[in-house]
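Given the structure is predicted, the values throughout are model-derived calculations rather than measurements.
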Amino acid sequence: MKRNHLFTSITLASVVTLATAPAASAASFLSPLQALKASWSYEGDTGPEFWGDLDEAFAACSNGKEQSPINLFYDREQTPKWNWAFSYSEAAFSVENNGHTIQANVENEDAGGLEINGEAYQLTQFHFHTPSEHTIEETSFPMELHLVHANHAGDLAVLGVLMEMGNDHEGIEAVWEVMPEEEGTAEYSISLDPSLFLPESVTAYQYDGSLTTPPCSEGVKWTVLNDTISISATQLDAFRDIYPQNYRPVQELGDREIGFHYQAPTR
């Protein structure tokens, strides 16, 4: 779904930011067993407000300077923070309920990924949050998809896709058909092309941030699309029957800059 802005011509600005908290990597994601031991959640005494106090490994959740998610906004002075492109291909995914969300993990295939400033980041997994973690102009959305990518060094780049209420979504339906209601991995894998989750226009906000779950490690390159995809009420309710809400509230922007990368519709 299209979100309209008045665009001006933009040029690439080189921005280098030094992270003050431990950098995120593919190894930063906790396994279900580790998550169980850590006992973090989205509510009560183990909710986002207290993550930094639960384990010294989660210190960045409280004292990090480049935390995610944030409120995104557009102005005419914004320029891209990096050049980027995507190239996905159909692949097999295992679908798991990891105790915090529904997550689809790339199996032993190449699902493609992102290219950022000429460097390849391969897709490793995608997962869902409701309501959205990022907001645009302080507006929240019913759901947000995070496609998580890693380069050869293990550095992370996440592509965020916001959702609005509408028709059934083909990609979501494929995941929902096998998603476990309890913790564990689905008996059957699914095969899909991740580009199903992208809107027609991939104009995007860009910023340096962190994981949105413990340990909240920083050094993550975030690209959040301006346009949305649809999710039906039935599909949203099916997820919320398992996870009524699993989002981290927006964090302070601080002195970070938000880039804006305009790209004309490609299909």
Side-chain angles (χ1 to χ4, degrees), residues 1-21 23-25 60 64-88 113-123 126 129 132-141 144-151 153 155-163 195 197-212 216-229 248 250-266:
M1 298 181 185
K2 184 70 174 176
R3 296 176 59 84
N4 292 319
H5 287 301
L6 178 62
F7 299 115
T8 56
S9 59
I10 51 181
T11 57
L12 180 63
S14 298
V15 180
V16 177
T17 304
L18 298 178
T20 57
S25 69
K65 302 300 183 184
E66 296 188 347
Q67 290 291 290
S68 298
I70 61 172
N71 176 56
L72 302 163
F73 57 87
Y74 170 79
D75 68 52
R76 298 183 181 185
E77 302 302 317
Q78 287 169 315
T79 57
K81 289 180 70 66
W82 47 74
N83 288 316
W84 78 286
F86 67 88
S87 179
Y88 293 115
L114 305 179
E115 183 177 285
I116 297 178
N117 286 344
E119 184 172 11
Y121 287 76
Q122 295 298 117
L123 179 66
F126 61 85
H129 295 274
S132 68
E133 297 199 301
H134 290 92
T135 59
I136 297 181
E137 307 287 354
E138 301 185 353
T139 297
S140 178
F141 297 80
E144 181 172 349
L145 168 69
H146 291 164
L147 296 118
V148 182
H149 308 75
N151 64 11
D155 302 320
L156 299 180
V158 183
L159 180 60
V161 184
L162 301 167
M163 302 184 197
S195 62
F197 293 112
L198 304 185
E200 181 178 336
S201 170
V202 292
T203 291
Y205 302 91
Q206 301 170 325
Y207 77 99
D208 296 304
S210 72
L211 302 179
T212 66
C216 306
S217 305
E218 297 182 347
V220 178
K221 289 186 178 297
W222 275 96
T223 300
V224 181
L225 300 186
N226 178 66
D227 287 6
T228 62
I229 61 174
R248 186 188 193 191
V250 295
Q251 305 296 297
E252 294 293 330
L253 178 62
D255 59 2
R256 287 177 287 178
E257 297 179 353
I258 299 175
F260 194 78
H261 189 286
Y262 173 71
Q263 184 165 326
T266 57

Visitor: Please give me the minimum heavy-atom distance between Arg76 and Tyr74, naming the atom from each residue.
Guide: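 Scanning both residues completely, I find the closest heavy atoms to be CA-OH, 4.1 Å.
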Visitor: Any heavy-atom pair between the side chains of Asn226 and Tyr205 that's under 4.5 Å?
Guide: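 Yes. Closest side-chain heavy atoms under 4.5 Å.
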Visitor: Is a side-chain donor or acceptor of Glu137 paired with a backbone partner of Leu72 at a separation under 3.5 angstrom?
Guide: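 Pair absent, no side-chain N/O of Glu137 close to backbone of Leu72.
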Visitor: Looking only at heavy atoms, which two atoms of Arg256 and Gly209 are closest? And how far apart?
Guide: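 Taking every non-hydrogen atom into account, NH1-CA, 3.7 Å.
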Visitor: Which heavy-atom pair separates Phe73 from Ile258 by the least distance, and what is that distance?
Guide: CE2-CD1, 3.5 Å
Visitor: Does Lys81 come within less than 4.0 Å of Asp208, counting only side-chain N to carboxylate O?
Guide: yes
Visitor: Taking the side chain as every heavy atom from C-beta outward, state whether Glu144 and Leu162 have any atom pair closer than 4.5 Å.
Guide: yes
Visitor: Under the rule for side chain to side chain contact (heavy atoms under 4.5 Å, CB included), what residues qualify as partners of Glu119, not counting sequence neighbours?
Guide: Tyr121, Asn151
Visitor: Would you say that Leu198 contacts Leu225 through its side chain, given a criterion of any heavy-atom pair below 4.5 Å between the two side chains?
Guide: yes
Visitor: If the condition is side chain to side chain contact (heavy atoms under 4.5 Å, CB included), which residues does Ser140 pass it with, not counting sequence neighbours?
Guide: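 Partners of Ser140 by the side chain to side chain contact (heavy atoms under 4.5 Å, CB included) criterion, ordered by chain and then number, come out as Pro131, Ser132, Thr135.
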Visitor: Side chains of Cys216 and Gln251: does their closest heavy-atom pair fall under 4.5 Å?
Guide: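 Side chain of Cys216 against side chain of Gln251, heavy atoms only: no contact under 4.5 Å found.
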Visitor: With side chains defined as the heavy atoms from C-beta onward, is the minimum distance between Phe141 and Ile136 less than 4.5 Å?
Guide: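 In contact.
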Visitor: Of all residues at least two apart in sequence or in a different chain, which pass the side-chain hydrogen bond (donor to acceptor under 3.5 Å, both in side chains) check with Gln206?
Guide: none
Visitor: Compare all side-chain heavy atoms of Asp227 with those of Thr203 and state whether any distance is below 4.5 angstrom.
Guide: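 A side-chain contact under 4.5 Å is absent here.
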Visitor: Roughly how far, to the nearest 0.5 Å, is the CG atom of Leu211 from the CG atom of Leu156?
Guide: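 Leu156 CG to Leu211 CG: 6.0 Å, rounded to 0.5 Å.
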Visitor: How about Leu123 and Val148: do any of their side-chain heavy atoms sit closer than 4.5 Å?
Guide: no
Visitor: Do Glu218 and Gln67 meet the criterion of a side-chain donor-acceptor pair at a distance under 3.5 Å?
Guide: yes
Visitor: Between atom CD1 of Ile116 and atom CH2 of Trp84, what is the distance when rounded to the nearest 0.5 Å?
Guide: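 Going from the CD1 atom of Ile116 to the CH2 atom of Trp84 covers 8.5 Å.
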Visitor: Rounded to the nearest 0.5 Å, what separates atom NE2 in His146 from atom CZ in Phe126?
Guide: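 Taking NE2 in His146 and CZ in Phe126, the distance rounds to 13.0 Å.
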Visitor: Within the distance-only criterion (no hydrogens, no angle test), does the side chain of Asn117 pair as donor or acceptor with the backbone N or O of Asn83 below 3.5 angstrom?
Guide: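 Here the side-chain-to-backbone pair exists.
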Visitor: Please step through side chain to side chain contact (heavy atoms under 4.5 Å, CB included) for the pair Leu159 and Phe197, ending with a clear verdict.
Guide: CA-CA 11 Å; Leu159 180 60; Phe197 293 112; over 6 Å; no
Visitor: Within this structure, what is the CD1-OG1 distance for the pair Ile70 and Thr212, rounded to the nearest 0.5 Å?
Guide: 12.5 Å
Visitor: Within the structure provided, determine whether Thr223 and Trp82 are in side-chain contact (heavy-atom separation under 4.5 Å).
Guide: yes
Visitor: If you take all heavy atoms of Arg248 and Ser210, which pair is closest and at what distance?
Guide: NH1-OG, 4.1 Å
Visitor: Could you list the residues that satisfy side-chain hydrogen bond (donor to acceptor under 3.5 Å, both in side chains) with Ser68, not counting sequence neighbours?
Guide: Tyr207, Trp222
Visitor: Taking all heavy atoms of Pro199 and all of Ile229, pick out the closest pair and write down the distance.
Guide: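 Nearest heavy atoms, Pro199 then Ile229: N-CG2, 3.8 Å.
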Visitor: Check ring pair (Phe, Tyr, Trp, His ring centres under 6.0 Å) between His149 and all other residues, then give those that pass, not counting sequence neighbours.
Guide: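 His149 satisfies ring pair (Phe, Tyr, Trp, His ring centres under 6.0 Å) with Tyr88 once adjacent residues are dropped.
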